[in-house]
Amino acid sequence: MNAAVAFVHEQLTNKKSLPKFKAGDNITVNYRIIEGNKERIQSFRGDVIKLQGQGATATFTVRKISDGVGVERLFPFFSPNIESVVVNKSGRVRRAKLFYQRERSGKSARIQEKKRAVETA
């Protein structure tokens, strides 16, 4: 019974290939906005605070600072309005939910970038 429900869920949701990212990563979400009969793409660049849910109801929250004010936006993974997601930096964090970032500002709000091995060819 449960496998049948999962199968129908998979068939109905159109899978988009988003890159792998996690809490602490800095990403740019290009989101389609429809205003009346016009359509445009707006980019939202910030740090991923949390990933939550699974399957068709999975969401991720992105936080950015705009004019000195913290702005958080929640995006569904399988939203048809998400045009693309670009991972800018991979952050080094030690927890899955970064709610402590809400109280931080300035230098203490920075997330260290994860150092990657350099490929030599």
Side-chain angles (χ1 to χ4, degrees):
M1 176 65 184
N2 199 9
V5 172
F7 176 75
V8 171
H9 230 347
E10 282 184 35
Q11 296 302 317
L12 292 177
T13 58
N14 54 344
K15 294 244 193 299
K16 270 200 177 154
S17 58
L18 295 179
K20 287 270 190 192
F21 57 89
K22 57 181 184 44
D25 292 355
N26 187 287
I27 65 172
T28 303
V29 181
N30 294 315
Y31 201 71
R32 189 179 301 117
I33 293 182
I34 299 157
E35 295 169 332
N37 56 356
K38 291 185 198 168
E39 189 175 296
R40 65 186 173 89
I41 295 187
Q42 182 176 9
S43 60
F44 192 91
R45 180 177 178 159
D47 296 320
V48 178
I49 285 197
K50 69 174 175 176
L51 305 172
Q52 101 180 26
Q54 55 191 357
T57 59
T59 61
F60 59 98
T61 304
V62 181
R63 177 179 174 84
K64 74 173 183 175
I65 305 296
S66 179
D67 294 328
V69 178
V71 179
E72 289 183 16
R73 184 142 186 211
L74 190 121
F75 295 98
F77 267 101
F78 297 110
S79 170
N81 292 331
I82 291 182
E83 194 68 29
S84 65
V85 174
V86 179
V87 178
N88 304 318
K89 294 179 189 173
S90 185
R92 200 185 97 198
V93 292
R94 295 168 69 176
R95 56 192 68 223
K97 307 264 195 285
L98 306 179
F99 298 135
Y100 65 89
Q101 288 288 95
R102 293 173 178 163
E103 282 83 48
R104 302 270 175 106
S105 65
K107 279 191 173 182
S108 69
R110 288 188 302 187
I111 295 175
Q112 265 190 343
E113 189 171 356
K114 187 185 288 185
K115 291 183 173 62
R116 295 187 185 144
V118 179
E119 294 179 15
T120 55

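All values below come from the heavy atoms of this structure, side chains included, with hydrogens, waters and symmetry mates left out.
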Ring-face cation of Lys50 near Phe60 (centre distance under 6.0 Å, axis angle within 45°): no
For Arg40, I'd like to know if atom CZ has over 12 heavy atoms of other residues, nucleotides or ligands within 6.0 Å. yes
Is the shortest heavy-atom distance from the side chain of Asn88 to the side chain of Val86 under 4.5 Å? yes
Ignoring hydrogens and angles, tell me if any N or O in the side chain of Glu113 forms a donor-acceptor pair with the backbone of Ser90 under 3.5 Å. no
With a cut-off of under 6.0 Å to the ring centre and 45° to the axis, is Arg73 in cation-pi contact with Tyr31? yes
Interatomic distance, CZ@Phe44 vs CD@Glu72, rounded to 0.5 Å, equals 8.5 Å
Atom pair NZ (Lys64) and OG1 (Thr28), whose distance is rounded to the nearest 0.5 Å: 10.0 Å
dist Ile49:CD1 -> Leu74:CG (nearest 0.5 Å) comes out at 10.5 Å
Is Ser79 reaching over with its side chain to a backbone N or O of Pro76, donor-acceptor style, under 3.5 angstrom? no
What distance do Gln42 atom CD and Asn30 atom CG have between them, rounded to the nearest 0.5 Å? 10.0 Å
All salt bridge (charged side-chain N to carboxylate O under 4.0 Å, His left out) counterparts of Glu103, not counting sequence neighbours: none
Could you state whether Val71 and Ile33 fall into the same hydrophobic cluster, counting links through intermediate Ile, Leu, Val, Met, Phe, Trp or Tyr residues with side-chain heavy atoms under 4.5 angstrom apart? yes
Check whether any side-chain heavy atom of Val93 lies under 4.5 Å from a side-chain heavy atom of Ile111, and answer yes or no. yes
Of all heavy-atom pairs between Leu98 and Ala23, which one has the smallest distance, and what is that distance? CD1-C, 4.1 Å
If the condition is side-chain hydrogen bond (donor to acceptor under 3.5 Å, both in side chains), which residues does Arg45 pass it with, not counting sequence neighbours? Asn26
If you count heavy atoms of other groups shown closer than 6.0 angstrom to NZ of Lys97, is the number above 12? yes
Decide yes or no for Val62 and Ile27: does some side-chain heavy atom of the first lie under 4.5 Å from some side-chain heavy atom of the second? yes
Can you confirm whether Pro19 sits close enough to Val85 that some side-chain heavy atom of one is under 4.5 Å from a side-chain heavy atom of the other? yes
Between Thr59 and Phe75, is any pair of side-chain heavy atoms under 4.5 Å apart? no
Return the NZ to NZ distance between Lys20 and Lys22, rounded to the nearest 0.5 Å. 12.5 Å
Look only at the side chain of Arg32 and the backbone of Pro80, and say whether a donor-acceptor pair between them is shorter than 3.5 Å. yes
Can you tell me how the ring of Phe21 sits relative to the ring of Phe77, calling it parallel under 30°, perpendicular over 60° and tilted otherwise? parallel
State, with a plain yes or no, whether a side-chain heavy atom of Ile65 is found less than 4.5 Å away from one of Arg63. yes
Just checking Glu39: does its CD atom have more than 12 heavy atoms from other residues, nucleotides or ligands closer to it than 6.0 angstrom? yes
